[in-house]
Amino acid sequence: MADATGSEMKSGSFMSEKSAKIFVAGHRGLVGSAIVRKLQESGFANLVLRTHSELDLTSQSDVESFFATEKPVYVILAAAKVGGIHANNTYPADFIGVNLQIQTNVIHSAYTHGVKKLLFLGSSCIYPKFAPQPIPESALLTGPLEPTNEWYAIAKIAGVKMCQAYRLQYKWDAISGMPTNLYGPNDNFHPENSHVLPALMRRFHEAKANDSEEVVVWGSGSPLREFLHVDDLADACVFLMDQYSGFEHVNVGSGVEVTIKELAELVKEVVGFKGKLVWDCTKPDGTPRKLMDSSKLASLGWTPKISIKDGLRQTYDWYLENVVQKKQ
């Protein structure tokens, strides 16, 4: 049974229930699609998946009737409204409102309809702007957030706290995982609102295709960033569903840092761009370092398997097949 924080709660082995019905919310996104692939590879055959047009997670009545009808045994909540700095600044009400609605509806209905265990996925942006590096789980709520994504971050913090509250009050097995920067198949390669890694990949590919002599990248290239392949995250999610039933959220990172300059050189090499890389030092660098402390997850027995170079190669293959070819 659980103690006051629910930290000893155990719900039986997830991996031994291959026929159990699992609802993966957000199965078309970068994270959700990787989790579906991992579950299928692991032998789980009874996945419940709904597109946004089939189930509006912001509608309390729709979510309630879905759970009443389907009665999933497990839930992995990977659905969220996401976007870059521009989108967060332009639509703050959407980022806090939509995400709070999705989380509240899914978590509450999962509990009331007897779901055995729920995994909520957050983001490293939940941590204070000036958190210690590497960032431990205990840094949560110890300082002000990064203003450019605070609306999204506050919604995600509320999701972590909601899982903890339901664990405390109802002794219900709700856990949270906080991934670092992710990349891989199904990433967003949009020219305006993609993150740094897919943005670099697209720019180098287009420069190669156009025989450009150089690619200009913002900043000095000195900031340090951590990247995790989304298939590693999916593997960690299955591990946490099976092995972890604690009160505190768990960081999920690679533990490997690269400078933006090193990342750009790696992407350039993988893409095969032969031109010059030029750094525009008049443009801002952003946070100098952002690394998560994933020692808690490592102590539980999980470590990532995909190196950044292998992951970049695989992601570029996916980009060529699914983005470039579809435009031709």
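Along the sequence shown, residues carry numbers from 1. Remember, predicted model here, so these are calculated numbers, not experimental data.
Distance alone, capped at 3.5 Å, places no donor-acceptor pair between the K290 side chain and the T287 backbone. S109 places no side-chain N or O within donor-acceptor distance of the main-chain N or O of V106, the cut-off being under 3.5 Å. The main-chain N or O of T282 is found under 3.5 Å from a side-chain atom of D280 such that the two form a donor-acceptor pair. No donor-acceptor pair under 3.5 Å is formed between the side chain of K283 and the backbone N or O of S220. E146 contributes no side-chain N or O that, together with a main-chain N or O of K129, makes up a donor-acceptor pair within less than 3.5 Å. In this structure a side-chain-to-backbone donor-acceptor pair under 3.5 Å is present from N105 to Q101. Without hydrogens or angle criteria, Q103 side chain to A158 main chain gives no donor-acceptor distance under 3.5 Å. No side-chain donor-acceptor contact under 3.5 Å links R50 to the backbone of D56. Judged by distance alone, with hydrogens and angles left aside, the side-chain atoms of N99 form a donor-acceptor pair with the main-chain N or O of K81 at under 3.5 Å. Under a 3.5 Å cut-off, the side chain of Q325 and the backbone N or O of N322 do not form any donor-acceptor pair.
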For this session: Please lay out, stage by stage, how V215 and V278 fare under the test side-chain contact (heavy atoms from CB on, under 4.5 Å).
Result: CA-CA 6 Å; V215 167; V278 179; over 6 Å; no
For this session: Tell me, with the steps shown, if L118 and D173 meet side-chain contact (heavy atoms from CB on, under 4.5 Å).
Result: CA-CA 7 Å; L118 176 141; D173 199 2; over 6 Å; no
Problem set entry | Audit row: F67, K71, side-chain contact (heavy atoms from CB on, under 4.5 Å) steps and yes/no | CA-CA 5 Å; F67 274 91; K71 293 194 163 35; over 6 Å; no
Exercise. Does the side-chain contact (heavy atoms from CB on, under 4.5 Å) test come out yes or no for I107 and W172, once each step is laid out?
Worked result: CA-CA 11 Å; I107 293 168; W172 183 51; 3.9 Å; yes
Problem set entry | CA sep, side-chain torsions, deciding dist, call: S295, D293, side-chain hydrogen bond (donor to acceptor under 3.5 Å, both in side chains) | CA-CA 6 Å; S295 56; D293 179 353; 2.7 Å; yes
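By the criterion of side-chain heavy atoms lying less than 4.5 angstrom apart, applied directly or through intervening Ile, Leu, Val, Met, Phe, Trp or Tyr residues, I306 is not grouped with M201; the two fall into different hydrophobic clusters. A continuous path of Ile, Leu, Val, Met, Phe, Trp and Tyr side chains, each step under 4.5 Å between heavy atoms, connects L300 with L233, placing both in one hydrophobic cluster. Two different hydrophobic clusters hold V256 and W302 under the rule that ILVMFWY side chains link at heavy-atom gaps under 4.5 Å. Taking hydrophobic clusters as Ile, Leu, Val, Met, Phe, Trp and Tyr residues chained together by side-chain heavy-atom distances below 4.5 Å, L266 shares a cluster with L320. Under the 4.5 Å side-chain heavy-atom criterion for grouping Ile, Leu, Val, Met, Phe, Trp and Tyr, L145 is not connected to F130 through any hydrophobic cluster.
Ring-plane geometry between Y170 and Y111 is classed as parallel, the angle between the planes falling under 30 degrees on a 0 to 90 degree scale with a further cut at 60.
With no hydrogens or angles considered, a side-chain donor-acceptor pair links Y316 and H205 at under 3.5 Å. Between the side chains of N188 and S194, not a single donor N or O lies within less than 3.5 Å of an accepting N or O. Side chains of N186 and S33: a donor-acceptor N/O pair is present below 3.5 angstrom, by distance only. No side-chain donor from either of S124 and N181 sits under 3.5 Å from a side-chain acceptor of the other. Under 3.5 Å, the side chains of Y127 and N251 contain a donor-acceptor pair of N or O atoms. For the residue pair H108 / Q60, no side-chain donor-acceptor distance below 3.5 Å is found, with atom types taken as modelled. Of the N and O atoms on the side chains of S61 and E64, not one donor lies less than 3.5 Å from an acceptor on the other residue.
Residues Q314 and D310 form no side-chain contact, since every pair of their non-hydrogen atoms from C-beta on lies 4.5 Å or further apart. Contact check for F239 versus L297: side-chain heavy atoms found under the 4.5 Å cut-off. The closest side-chain heavy-atom distance from K296 to E137 is below 4.5 Å. Between L277 and F204 there is a side-chain heavy-atom pair separated by less than 4.5 Å. By the 4.5 Å heavy-atom criterion applied to side chains, L291 and L224 are not counted as neighbours. The shortest side-chain heavy-atom distance between L77 and I102 falls under the 4.5 Å cut-off. Counting only heavy atoms from C-beta outward, the side chains of S254 and F227 never approach each other to under 4.5 Å. Using a 4.5 Å cut-off on side-chain heavy atoms (C-beta onward), M15 and F44 make contact.
With sequence neighbours left out, R202 forms a salt bridge (Lys or Arg N to Asp or Glu O under 4.0 Å) with E206.
Heavy-atom contacts from other residues, nucleotides or ligands closer than 6.0 Å to NE2 of H52 number 12 or fewer. Heavy atoms from other residues, nucleotides or ligands lying under 6.0 Å from CH2 of W218 number 12 at most. By the 6.0 Å contact criterion, NZ on K21 is enclosed, its count of non-hydrogen atoms from other residues, nucleotides or ligands being greater than 12. For E54, the CD atom is densely surrounded, since the number of other residues' heavy atoms within 6.0 Å is greater than 12.
Exactly one of R37, K38, K305 qualifies for a side-chain hydrogen bond (donor to acceptor under 3.5 Å, both in side chains) with D231. That residue is R37. With S176 as the fixed residue, the side chain to side chain contact (heavy atoms under 4.5 Å, CB included) test singles out one of V250, V160, L240: V160.
Across all non-hydrogen atoms, the minimal contact from G253 to S294 is N-OG, 2.9 Å. Nearest heavy-atom pair, P198 versus D187, reported as atom, atom and distance to 0.1 Å: CG-OD2, 3.5 Å. For the residue pair V258 and E262, the shortest heavy atom distance occurs at CA-OE1, 3.4 Å. Closest approach of A80 to K156, counting heavy atoms only: CB-NZ, 3.7 Å.
Checked against a 6.0 Å centroid threshold, the rings of F23 and Y74 do not count as neighbours. Y91 and F95 have their aromatic ring centers separated by at least 6.0 angstrom.
Distance check, rounded to the nearest 0.5 Å: NZ of K274 to OG of S212 gives 15.0 Å. Atom CG in L119 sits 11.5 Å away from atom CD1 in I22 (nearest 0.5 Å). I126 CD1 to I154 CD1: the interatomic distance, rounded to the nearest 0.5 Å, is 12.0 Å. Between the CG atom of L49 and the CG atom of L55 there is a distance of 11.5 Å, given to the nearest 0.5 Å. Put simply, NZ on K161 and CZ on F120 are 12.5 Å apart, with the number rounded to the nearest 0.5 Å. Here the CG atom belonging to L168 is positioned 11.5 Å from the SG atom belonging to C163, to the nearest 0.5 angstrom.
R225 and E257 are not joined by a salt bridge, as no carboxylate oxygen comes within less than 4.0 angstrom of a charged side-chain nitrogen. Ion pairing between E17 and K116 holds under the 4.0 Å rule for side-chain N and carboxylate O.
Both the sub-6.0 Å distance and the 45° axial angle are not jointly satisfied by K117 relative to the ring of F14. Figure legend: cation-pi geometry between K208 and F273 absent, as NZ or CZ is not positioned both under 6.0 Å from the six-membered ring centre and within 45° of its axis.
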